[in-house]
Structures are given as C-alpha cells and as structure tokens.
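A short write-up of the structure that comes next.
So you know, we letter chains A, B, ... as the sequences are listed, proteins then strands, and number each from 1.
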There are 2 protein chains.
Amino acid sequence: MRDVAALAGVSLKTVSRVVNEEAGVSPDVRERVTAAVQRLDYRPNLAASNLRRTGARSGLIGALVQDVSNSFSAGLLRSLEDAARSHRTGVLAASLDEGVDREQELVHDLVTRRVDGLVLMPASDRQDYLVAELRTGTPAVFVDRPPRGVDVDSVVIDNLLGGRMAAEHLLDRGHRRIAALFHLPTLTTAQLRREGFTAAHTDRGLRPDPRLVVDGVASTDEASEVVHRLLDLDDPPTAVFAGRNILASGAVRALRERGVHHEVALVGFDDFPLADLLDPPLTVVRQDVTKIGRLVAERLFARIGGDTSPPQHLVVDPTLVSRGSGEIPPRA
Amino acid sequence: MRDVAALAGVSLKTVSRVVNEEAGVSPDVRERVTAAVQRLDYRPNLAASNLRRTGARSGLIGALVQDVSNSFSAGLLRSLEDAARSHRTGVLAASLDEGVDREQELVHDLVTRRVDGLVLMPASDRQDYLVAELRTGTPAVFVDRPPRGVDVDSVVIDNLLGGRMAAEHLLDRGHRRIAALFHLPTLTTAQLRREGFTAAHTDRGLRPDPRLVVDGVASTDEASEVVHRLLDLDDPPTAVFAGRNILASGAVRALRERGVHHEVALVGFDDFPLADLLDPPLTVVRQDVTKIGRLVAERLFARIGGDTSPPQHLVVDPTLVSRGSGEIPPRA
DNA sequence: CTGCCAGGTGACAACGTTGTCAGGCCACAG
DNA sequence: CTGTGGCCTGACAACGTTGTCACCTGGCAG
C-alpha cells in the first residue's frame, strides 16, 4: 500500500479511499491510484482492515457437520454456500464424525478465528459449553438436531411426522407386520421418528410388534444383519422402515441377498442420489436439504445483521416420495 | 488482552508470552496470567497476531471444486480436511459449477484472504490468469484436471488407462459393438478417456464403430436419450461405456426403461455410493478419492513448508471394480 | 565489595489498514 | 477585498498483537 501511494504520489489514506470506493476523491487522483494498484498488483490485507474497522466481519461462517462427504451434509453445505455467497461470505466446514470432543475443539477454534457465525449439526447430547463460547457475540444456528443446554435458533425437520408418514404409508397398503430400524435412542431425531412410527399404529388401534422394532442400529452392516435376523422369524415382517439413510442401504442389501426385494416393502428416511435407480426404486421420506440450508442461512445472517429477537425453532415438513419399494403389497 | 494484563498485574508482553507458551516466565506469573485468561474468557486475535508475526500463516487453505455436493468433490474435500487437520489448518471450499468467471473471482478472493494454499479443480480451459495471482507466493495444486498456461503441481488419474481398462474389460468378454459416451471433447479428461477407449480396440486390430461413440454428452438426461437412440439402431451395441459418473445414471435409466439391463453390459467411470446396490450392480472404473486427496494435501503442504522443487504431476492409476453389469456377455 | 551474568519483565515500535480531524484550496456571496 | 463554506487531501492515532531491546533483580565469582 505504501508502494502504491508512492507510485501514485498520494498519501496512504487516499489509496485507502480509492480501494474502498469512498466518495470525495477527484477523478484524476482516483485514476492514478487505480493504475498504480494494477501495476503493483496490490491486494488489500483483509486481516489488517478488519483489525482497524470497528465491528468488521471476517466474511467467514463455520459449519460443523456430521461428515462433509455424506450426501445430506454435502447438500446442506452447498445450500449454505449459495446463501453465504450473496453476503460475500465463505463457508469453513469441518466433519465431526459424531465426535463430541472434536465438536468442542472445533467450535472453540472457529470462535477464536472470529467467524461471523456458526452452523452446528451437533454430535453431542448437550451443548452447555456453547454458552461461554457464544458470549463473544458469535451467533449460532443448529441444524438437523435441536440445541440442548443453550437456547439458539434451530432448523430441523419434523421427525415425528416423518416417522408417522412412513408407517401410515405402509399401514394404508395393508401391512400389519412392519419392521423398523432406528439409530441410537439417545438422539432426539431417532427417538421422534420412533414415536411417530408408533403413533401411526396407535391411531389405527394397532400396536407395533416390539420384536420388530430395533433401536441402536448404527451402521449399514448392522442394518443388514438385523433385517436378515428379522426375516428369519417364524412370523417375519412384510415391510421394513429404515429410520436413517445409511440403514436403508443395509436393508436393501439384505432384502436383495434373500431375493425378497420385490416381496417385502421398504421405506427409507432421507433421500439419496440414485435411490430412483434401485430395483425396485426406493420410496423414502425426504428432507428438503436445499430449503433447510436456506432457512439456516436466513436465520444466521439475520443474527449477524443484529437481529436480537427470541430464538426461533423452525420445523420443516418432510415429504414422502413414492417410487416403488414402499408400494409393494403385503404377502398374501 | 489489556484486561488480562491488568487483572494479572503484568504487562501486555508477558500475557503474550504466556499465551504463546514461550519460555522464560516464572511459574507464579504464568499461573496468575492463566487464571486471568480463564476468568476473562480471553481469546487471542489470530488476525492481529498474524499481522505482526513475520511469515505467519492464516491456517486456511482454499479448495475450489466442481460442486461441493457431488460425491467425488465431497469425498475429496473430506480427504483434504483430514490431511489439513494435522497441520492445524481449515478448508475453505467453494463450488464452481463449471463457471469460468466464478473460478477467477473465487481464486482472487481466496488469494486476497491470504489463504496458505489453493486446491483447484478447474472449470476453465486455461489458467494463465493464475500466474499473476500466484506471484504473491500462494502455492496451488491442481486436481482431477491438469493445469494449462501455468506450471504447478497436479494430481490426476490416468484417464487414458481408465478408458482403456473399461474397453478391454468389455472386449475381453467378447463384446465387439461397444457404445461409449463422453463429456465435452474440450476437456482433457474426456479426451483421454476416449483415446484409451479407442486404443484398446486398435491394440486388438479392431476399430470402434464411430456411430457408437458420442461426444459432448453433458447431463444424465442427455445420456439417457443417447442410449435410447443407440439401442434403436439396426445393429445396436451389446455394451455401453459411460465416461463419467452422471452419464452412468442416465445409461442405467435408459437400459432399465428398455428392460435390457440384464442383457446389455455397462461400465461406468467414477464410483458412487450405492453403485453396488443397483440391479445389476454397477461395474465401474474407480478413482481412489481418498488417495488423491492425500497426495494433493501432501504436495500442497510441502509447498507451504517451502519446497521449491520443480512442479510434480502425479498420476494415480484407476482400478476396475467388477460388480456384475460389466460382466454381462454379448447377446448371441 | 565490585563486576558480571542469567533469568525475568516491560517499554516501545511495528505489522497494514482506516477513523478522525485539521488544513489547503477554490468559488462565491457580502 | 474579506469571510464563509465545500471539496480534496494528508497527518496521526489506533486496532490487537509480537519482535527487539533495555532494564532490573539476585546470585555468585573474583
């Protein structure tokens, strides 16, 4: 900047004025400075600028997701990126892999980096630690899972409704023995999906067979094993509800291995690419990632802009996408 | 920091020393400062610190990929993230969507932000503009597509070999009429895959039917149309090679729609989740994203660390994953 | 007792930028 | 001619931190 000022024969402050497009610089000076900037390939130092400016922003938001490479997280990040771009803001993303310690570390790191805001798909049960972090004034928005121990904005889908929709879809088609696989019951999302599943039965005066409802299924392989086991029962299920995207893959594999993929109905939770190319195409309860990302960004940038209204907890309705696997009728 | 110094009854510099774990501070002073830091919830300002320190790093690398939400890019980012973590560095990712202008803008933005390094999956044909950007000393590594107009490190797969492997796999199984779909011929990757495909034929004294080789297929839907059209020929292909992941989806759909998915062989390029759950499971030429990401990070951090050796152009061999669709024999 | 050294500490300048304010110039009204 | 006001411009301090160097203290050798 000093060099630019020297070359243009003006003071530092004038260069600053030109670079920041402030009013009140005569056209010829402006031109001289612009030329010097070009010639010397000068780039303002954002860090120094932020340091001096009062209430300056880093132009960065942090996003902690379960895994950058899984399709749900990746889609969310993409949606955030698009929204952030219009605020001239970049997205600094990191994967938690359900690591509770990692979550705390990364939040601390991001706050120290002075990100303008935080998007959090938490791995932890409770986030009391956040209270101290957020005292610095960094706003945070939760996504996919609601906050506990700290009251901030959140955007989640209606998991209760999602579970209910899946069960109703199958019950309406005559299924009475529906297996259901869920993730760890400590997770609110899994719990609500399970409740919705049960509620759909109760509404119709039915009761799910407890042996067919399995909690704590954590991986694709486990899901596959569980489905195999359930199909071995004397009175096997005629339909399966996989309460999470990776569990659906396991279920598909197991049904395929048994050769019953055209006989046992299957509904998954969370859509994924190619679900429509499976045989039969997979019926799923879909979360609209793009919309969720948009809402998250909306809340976050409102907070960054100074919104101090009470925290909002937005709930997005899932939709059921019928593709074939969920419309298989029960075996006679 | 001033407050911490006041509370601990020491000078600013001493606080700095304690925070940076420098030697030569008496234990009791260290303790007093640490306590004050805790009590006031003090966080060092990284930007200010970097400003003062000579040759300080921002602890950020920029990664420009085709689309953060596509499985190849997302996998790559994840691999980069893991490597960057061990260098206490964050990954700032953005999507190009094949936008050439966007590429230039974003690169400029990232360099101005003083990222420590740049990972680029370019959308542009040539990157002459980079020469000026890199004069600031920011190292860059290209991935998936080689640099043109600027000489920097790159990591790509052997696309020629990949195309050849796919063709050989099908030729070895007796196929003689193999359709092939490629992306824009202006892209080096597409061009090389095509050349490999042709070379495999030539090696065996064969020649691909030019009517079966289609360039410029840009989307899933287009791929589907093209396959339909080729199957309408009097002498239709007995196998299809889809030269890019999204083209494979289109091909699968078309074959499925014609009900010939168990009669016409199919080999895709680029693996994707669930490819093994399709019917028949999809045979693909796979790029090892994790390895590619690791190599990219290795080169980049070597450069950041001061490596000034001549640019390296690493080529990773693809592997062929046989799953079923590629092993269908030609119709009698 | 003096001189020296090592260890601990602080004052000050500097990093690259911008907010504040003062000053110079010119046009125009009185 | 003088005074007033508006338009440009620059000097200076400040943002939060760290590198440099000087200072102080106490211990120990001569």
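Considering only the side chain of B:Arg2, D:dG16 comes nearest among C:dT9, D:dG16, C:dG19. Taking only side-chain atoms of A:Pro44, from C-beta outward, the nucleotide of D:dG16, C:dT17, D:dT9 with the closest atom is C:dT17. When the nucleotides D:dG10, D:dT17, C:dG16 are ranked by their closest atom to the side chain of A:Leu51, C:dG16 comes out on top. Closest approach to the B:Val29 side chain among D:dT17, C:dT9, D:dG10 is made by C:dT9 (side chain taken as heavy atoms from C-beta onward). Ranking D:dG19, C:dT18, C:dT17 by closeness to the A:Arg53 side chain, first place goes to C:dT18. Nearest nucleotide to the B:Asn20 side chain, out of C:dC15, D:dT18, C:dT17: D:dT18. The side chain of B:Lys13 sits closest to D:dT20 out of D:dG16, C:dT20, D:dT20. Taking the side chain of B:Arg17 as heavy atoms from C-beta on, and the options D:dT9, D:dT17, C:dT9, the nearest nucleotide is C:dT9. Of the listed nucleotides (D:dT18, C:dT17, D:dG10), C:dT17 has the atom at the smallest distance from the side chain of A:Ala48.
Following rounding to the nearest Å, A:Arg32 (CZ) and D:dT9 (C1') show an atom-to-atom distance of 11 Å. Atom pair B:Leu40:CG and D:dG16:C1' shows a separation of 16 Å (rounding to whole Å applied). Atom CD of A:Glu21 and atom C1' of C:dT18 are 16 Å apart (whole Å). Between A:Asn45 atom CG and D:dC15 atom P there is a gap of 18 Å when expressed in whole angstrom units. Going from atom CD of B:Glu22 over to atom C1' of C:dG10 covers 13 Å, rounded to whole Å. In this structure, CG of A:Leu12 is placed 20 Å from P of C:dC21, rounded to the nearest angstrom. B:Arg30 has its CZ atom 9 Å from the P atom of C:dG8, to the nearest Å. In this structure, the CG atom of B:Asp3 is 12 Å from the C1' atom of D:dG16, given to the nearest Å.
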message: Please evaluate residues A:Thr34 and A:Arg30 with respect to the criterion side chain to side chain donor-acceptor pair (under 3.5 Å), reporting the C-alpha separation (whole Å), side-chain torsions for both, the decisive distance (0.1 Å), and the verdict.
response: CA-CA 6 Å; A:Thr34 312; A:Arg30 181 180 305 278; over 6 Å; no
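Between B:Thr14 and C:dT9 there is no side-chain polar atom (N or O) within less than 4.0 angstrom of OP1 or OP2. In terms of phosphate contacts, A:Ser49 brings no side-chain nitrogen or oxygen within less than 4.0 Å of OP1 or OP2 of C:dT17. At C:dG8, none of the side-chain N or O atoms of B:Ser26 fall inside 4.0 Å of OP1 or OP2 (strictly under the cut-off).
Side-chain contact between B:Arg57 and B:Asn50 is absent, with no heavy-atom pair separated by less than 4.5 Å. Using a 4.5 Å heavy-atom cutoff, the side chains of A:Leu92 and A:Arg113 are in contact. Looking at heavy atoms from C-beta onward, A:Asp144 lies out of side-chain contact with A:Val65 at the 4.5 angstrom threshold.
In this structure, B:Arg294 does not pair ionically with B:Asp288, as no charged nitrogen and carboxylate oxygen lie closer than 4.0 Å.
If you take CZ on A:Arg102 and CG on A:Leu64, they are separated by 10.0 Å, rounding to the nearest 0.5 Å.
B:Arg43 comes within contact range of the sugar-phosphate backbone alone, with a heavy-atom separation under 4.0 Å but no base atom that close.
Nearest-nucleotide assignment on DNA chain C puts the 5′-proximal partner with B:Val10, out of B:Arg114 and B:Val10. Summary of the strand contacts: B:Arg52 and B:Gly9 both lie near DNA chain C, and taking for each the nucleotide with the nearest heavy atom, the more 5' one is attributed to B:Gly9.
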